[in-house]
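In what follows, a structure is listed as structure tokens, so that the remarks can point back to it.
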Amino acid sequence: MIVSLAKLPVITGAGSGIGRASAKLFVAEGAKVVVAEIDATLGEATAREAGAGARFVHTDVTTKRASSRWLQHAREAFGHVDVLLNCAGARCARRPVTEVDPSVWTTP
């Protein structure tokens with residue numbers, strides 16, 4: 001049972017794919033989830049589909065200011081964060097991570 005491991009995960013990139021599936025699974029197991037997503041339409045859809053235990057917060061993980069919003073939101077809504085599941089994609093051409101210039105990972 002997942003909920004015994006993490007009662008409040010924040011999932012970045014939760015608008016689709018593994019992030020969306022994870023958000024739905026955590027809520028189904030009884031957890032509260034912060035759906036952190038840059039695409040508001042996808043993030044809101046994930047939160048709605050996941051159920052009452054999910055909250056959407058617009059998040060752009062490429063900037064410090066915007067990425068800290070999910071933490072503030074989680075604390076205000078639920079009081080704490082137990083785990084961060086990062087499923088947000090990088091903004092670079094599709095290639096192996098070992099071939100990506102390190103500057104891509106630097107937050108402005």
Side-chain angles (χ1 to χ4, degrees):
M1 186 156 110
I2 293 173
V3 77
S4 65
L5 299 176
K7 295 183 181 182
L8 182 65
V10 172
I11 304 173
T12 66
S16 63
I18 294 170
R20 176 176 269 190
S22 297
K24 292 168 133 181
L25 181 59
F26 273 107
V27 172
E29 291 288 334
K32 304 293 184 190
V33 174
V34 174
V35 172
E37 172 61 46
I38 193 168
D39 184 312
T41 301
L42 293 175
E44 290 167 354
T46 296
R48 186 174 49 256
E49 289 174 19
R55 302 284 187 277
F56 165 69
V57 62
H58 181 263
T59 303
D60 179 352
V61 298
T62 65
T63 66
K64 286 181 184 178
R65 182 176 176 193
S67 65
S68 67
R69 290 183 62 215
W70 62 259
L71 179 58
Q72 179 183 352
H73 180 84
R75 286 183 175 160
E76 289 172 1
F78 303 113
H80 66 284
V81 172
D82 293 314
V83 69
L84 172 62
L85 175 56
N86 186 20
C87 297
R91 294 181 179 180
C92 58
R94 292 187 183 263
R95 59 183 176 257
V97 69
T98 55
E99 295 176 13
V100 175
D101 187 288
S103 67
V104 170
W105 307 108
T106 304
T107 304

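Hydrogens, waters and symmetry mates are skipped; everything else that's a heavy atom, side chains included, is used.
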Does L42 share a hydrophobic cluster with F56, counting links as ILVMFWY side-chain heavy atoms below 4.5 Å and allowing steps through other members?
no
Per side chain to side chain contact (heavy atoms under 4.5 Å, CB included), F78 is matched among K7, H73, K32 by K32
What one should report as the nearest heavy-atom pair of V27 and A50 is CG1-O, 3.1 Å
Separation between CG (D39) and OG1 (T59), nearest 0.5 Å, reads 12.0 Å
Closest non-hydrogen atoms of F26 and L85, given as atom of the first, atom of the second and distance, are CE1-CD2, 4.4 Å
Distance col, row T12:OG1 vs E37:CD, nearest 0.5 angstrom, shows 8.5 Å
Looking only at heavy atoms, the pair that brings A47 and R55 closest together is CB-C, 4.4 Å
TODO: Check whether any side-chain N or O of R75 sits under 3.5 Å from a backbone N or O of H80 as a donor-acceptor pair, and report yes or no.
DONE: no
Correct closest heavy-atom pair for T46 and A23 would be CG2-CB, 3.9 Å
On a heavy-atom basis, the closest approach of P9 and A31 is CD-CB, 4.2 Å
Heavy atoms of A54 and V35 approach each other most closely as CB-CG2, 4.2 Å
- Is there side-chain contact between V10 and L71, with at least one heavy-atom pair below 4.5 Å? no
When rounded to the nearest 0.5 Å, the distance separating CG of D60 from CD1 of I38 is 3.5 Å
